[in-house]
Amino acid sequence: MLKIGSVVDGKYKILNEIGHGGMSNVYLAINEKANKPWAVKEVRKSLNRDFSLLRQSLIMETDLLKKLNHPNLPSIVDVIDSDENFLIVMDYIEGNTLERFLAEEGAQPQEKVADWALQLCDVLEYLHTREAPIIYRDLKPSNIMLKSDGSVVLIDFGTAREFKECGAEDTCCLGTNGYAAPEQFGGMGQTDARTDIYSLGMTLYHLVTGHNPSKPPYEIYPITKWNPRLSTGLERIIQKCTQKNPSDRYQTVRELRFDLEHYKDLEIQTQHKYRLRLKIFGAFGGMAVLCAVSGVAFSAEAGRRQGDAYEELMHMAEISSDSVEACKLYFNAAAIDESRQDAYHGFYARAVEDGIFSEAEEELFLKLSISSHRYLQNFQKKNEPAYADFCYEMGNAYWYYYEHEESRQARAVSWFQTARDYYAEDSAKSMEYRRCRLYVELGTFYKTVIASQIDGTDAGMYGAYWHSLIELKELNDVEPDREIITLRMYREIASRVVEYVKYFREDGVTSDEIIAVLNALEDDMQRMEQSATSAIYQEIETIRWIMDGAHKMVRSTYQIQY
């Protein structure tokens, strides 16, 4: 064992032991020169009969982590292989495992569990979409660290593997009873992304019910059996995750994340309520079925009437003076024909027409679209390019128009992520892909910056953030978006100069760079002003007021006069 107070490799002073297992011990260490804490995982060679096999596993774990960069994953900074032991130096994650959290506090509120689940979906999707997909294979509460800011970190990559598409089955059984999917125990094909989805479902079950799936009764009951107040929507999600047959589960983490974001809208009562609203349109579907039996002529007539109903709803939406009512009509049109893009685009255009994506419009979007989420899923299957465009539009709706400014970016990122993934494979959408990539980078910054400030790991983040923000502006210069989006982008730039100028300076951003950008914003706004509506003019005046503060902050921070 490492001695408390000893210094490893001339850099890492061992402070105390913070964990141990059957094969290893984990210590808190500090690099005194950098005043930075680290976790040191020690595996002693003398305690392991076949250390060469274990060493291969450790090297695989470190090699995997070295290639990864995600806020919900630890980073490996050093690997030390000596005669006595094998040491891995990694980020110190201050907090407790969810296993300990469960032991101390019992079942957790479903809202909190859903938030953790979305974070885990984010990191699993990152792993599964690497060039060589990584399957984690041991997701459980003891491998998830909960930090003080509410974020979670996935630790211990000892069982992870890179997915080999040609492999018929895995060569060994790894995972934890109760959480591991059936295919992890041999003879049922190799593990893939759906294996991690199964384990995540079991983990959610444990967190929300307090019942450990690796202990008696060894059976997964509907979560409402344990607590009738729990969401039936969340219950359905967990049941789908934990199906024995992988083909009956969610096939991708993206699908799972979509439902988790809106689990309350999947509840049985909500679905019944909104099915009733759309009953009038069921006649068209019934007619289509009848015509399939009666012959081609009747089918053609049903199709014509269905098309007429669609066009009538679209026309009513366009002439409606009430924004919320118009949005309802657009989604009713989408319910008739899920493959057509114009109903979804019409919803977006009408929702942001007044410059605000309101709570009422968002609630309508969630209820009419996602509680009957098959519409969007079918839209995705039938018209994938148009679905990607709609995801991009909804990202913009949240980022630039959502009435609650403090949660704009957080709600927008998942839509931009989905659009980005589709655009990555479409060379004709390179501009949209670059924009989505930048929105995801900026959203990740907003999500992690406060926690990084607390941990003292934020150095370097601000320079990268600034350059992403300016790259987004430059893309907009080449191909301008809506005038209001352009102005709100300018407002964001000016506001962040006020907020982060000290950190920009520390990260190497020069005053000349910042001043040049601020001057360019003013030049653009002067051009817009010449034909501005009252709403645009008001936005410009607000930005100028912020820019005045930005110039003052630059002068003060960089100690210059201009």
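What you see is a predicted model, and the numbers here were worked out from it, not measured in a lab.
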d(Asp149 CG, Leu146 CG) to nearest 0.5 Å is 8.5 Å
Which pair of heavy atoms, one from Met461 and one from Asp507, lies closest together, and at what distance? N-OD2, 3.4 Å
With sequence neighbours excluded, residues passing side-chain contact (heavy atoms from CB on, under 4.5 Å) with Arg408: Tyr402, Glu405
Residue pair Ile30 / Leu15, side-chain heavy-atom distance below 4.5 Å: yes
Kindly indicate whether the side chain of Leu204, heavy atoms from C-beta on, has any atom under 4.5 Å from the side chain of Cys241. no
With side chains defined as the heavy atoms from C-beta onward, is the minimum distance between Thr97 and Asn143 less than 4.5 Å? no
Please work out which of the three classes, parallel, tilted or perpendicular, describes the rings of Tyr400 and Tyr439, given edges at 30° and 60°. perpendicular
Of the non-hydrogen atoms in Gln110 and Ser231, which two are nearest, and what is the gap between them? OE1-N, 2.9 Å
Reported CG-to-CG distance for the pair Leu475 and Leu438, which is rounded to 0.5 angstrom: 6.0 Å
Contact check, side chains of Leu120 and Ile144, non-hydrogen atoms, under 4.5 Å: yes
Given side chain to side chain contact (heavy atoms under 4.5 Å, CB included), test Arg420 with Val440 step by step and report yes or no. CA-CA 9 Å; Arg420 178 200 62 187; Val440 173; 3.6 Å; yes
Distance, nearest 0.5 Å, that separates OH of Tyr344 from SG of Cys391: 10.5 Å
Any donor-acceptor pair under 3.5 Å linking the side chain of His206 with the backbone of Met202? no
Heavy-atom pair with the smallest gap, counting every atom of Leu472 and Arg435: CD1-CG, 4.1 Å
Thinking salt bridges, do Glu471 and Arg437 make one under a 4.0 Å N-O criterion? yes
For Tyr387 and Glu384: C-alpha separation, side-chain torsions, deciding distance, then whether side chain to side chain contact (heavy atoms under 4.5 Å, CB included) applies. CA-CA 5 Å; Tyr387 174 74; Glu384 195 170 274; 5.5 Å; no
Aromatic ring proximity, centroids under 6.0 angstrom, Tyr92 and Trp38: no
From the options Val40, Ile14, Asn16, Ile4, select the one residue that forms a side chain to side chain contact (heavy atoms under 4.5 Å, CB included) with Leu28. Asn16
Just wondering, more than 12 heavy atoms not from Ile450 lying within 6.0 Å of its CD1? no
Could you go through the side-chain hydrogen bond (donor to acceptor under 3.5 Å, both in side chains) check for Gln119 and Ser151 one step at a time? CA-CA 7 Å; Gln119 294 182 55; Ser151 63; 4.8 Å; no
Can you see which heavy atom on Thr195 is nearest to which on Ala181, and at what distance? CG2-CB, 4.0 Å
To the nearest 0.5 Å, what is the distance between NE2 on His70 and OG1 on Thr444? 7.0 Å
Without hydrogens or angle criteria, can the side chains of Ser414 and Glu261 be said to hold a donor-acceptor pair below 3.5 Å? yes
Those residues that, when tested against Glu499, pass side-chain contact (heavy atoms from CB on, under 4.5 Å) (two or more places apart): Arg496
Asp91 side chain reached by Thr457 side chain, heavy atoms, under 4.5 Å: no
Gap separating the CG atom of Asn25 from the CD1 atom of Ile18, nearest 0.5 angstrom: 10.5 Å
Side chain to side chain contact (heavy atoms under 4.5 Å, CB included) assessment of Asp196 paired with His128: CA-CA 9 Å; Asp196 286 339; His128 295 168; 2.8 Å; yes
Between the side chains of Tyr250 and Asp259, is a donor N or O closer than 3.5 angstrom to an acceptor N or O? yes
Can you confirm whether Tyr198 sits close enough to Tyr179 that some side-chain heavy atom of one is under 4.5 Å from a side-chain heavy atom of the other? no
Close side-chain approach of Glu255 and Ile197, heavy atoms under 4.5 Å: no
Are the ring centres of Trp415 and Tyr392 closer than 6.0 Å? no
Do the side chains of Ser199 and Asp138 get nearer than 4.5 Å, heavy atoms only? no
Taking all non-hydrogen atoms of both residues, which atom of Arg194 and which atom of Gln251 are closest, and how far apart? NH1-OE1, 3.2 Å
Are the ring centres of Phe445 and Tyr500 closer than 6.0 Å? yes
Answer yes or no: is there an ion pair linking Arg411 with Glu362, defined by an N-O contact shorter than 4.0 Å? yes
Given 3.5 Å as the limit, does a donor-acceptor pair link the side chain of Glu235 with the main chain of Ile223, or not? yes
State whether the side chain of Asp9 and the backbone N or O of Lys11 hold a donor-acceptor pair below 3.5 Å, judged by distance alone. no
Between Phe357 and Tyr398, does the ring centroid distance fall short of 6.0 Å? yes
Looking only at heavy atoms, which two atoms of Ile155 and Ser142 are closest? And how far apart? CD1-O, 4.2 Å
Positive for side chain to side chain contact (heavy atoms under 4.5 Å, CB included) with Leu124, one of Asn72, Thr129, Leu200: Leu200
For Lys381, I'd like to know if atom NZ has over 12 heavy atoms of other residues, nucleotides or ligands within 6.0 Å. no
So with a 6.0 Å cut-off around CD of Glu425, is the heavy-atom count from everything else above 12? no
Is the positively charged end of Lys429 above the ring of Tyr422, judged by distance under 6.0 angstrom from the centroid and angle within 45° of the axis? no
Over 12 foreign heavy atoms within 6.0 Å of NZ, Lys13: no
More than 12 foreign heavy atoms under 6.0 Å from CZ of Arg130: is that the case here? yes
Is it the case that more than 12 heavy atoms not belonging to Glu111 sit under 6.0 Å from its CD atom? yes
Whether the side chain of Gln108 engages the backbone of Gly106 through a donor-acceptor N/O pair (distance < 3.5 Å, no angle test) should be reported. yes
For Tyr12 and Val7, run side chain to side chain contact (heavy atoms under 4.5 Å, CB included): C-alpha distance rounded to whole Å, both residues' side-chain angles, the deciding distance at 0.1 Å, then the answer. CA-CA 5 Å; Tyr12 308 107; Val7 178; 5.9 Å; no
The test is side-chain hydrogen bond (donor to acceptor under 3.5 Å, both in side chains); show your working for Tyr423 and Asp389 and say whether it passes. CA-CA 9 Å; Tyr423 291 153; Asp389 290 340; 2.6 Å; yes
Which residue is it: Arg254, Glu125, Arg257? I am looking for the one with a side-chain hydrogen bond (donor to acceptor under 3.5 Å, both in side chains) to Gln417. Arg257
Tell me whether the rings of Tyr503 and Tyr462 are parallel (<30°), tilted (30 to 60°) or perpendicular (>60°). parallel
Strictly by modelled atom types, are His404 and Glu359 linked by a side-chain donor-acceptor pair under 3.5 Å? yes
Atom CZ in Arg137, atom CD1 in Ile134: separation rounded to 0.5 Å? 12.0 Å
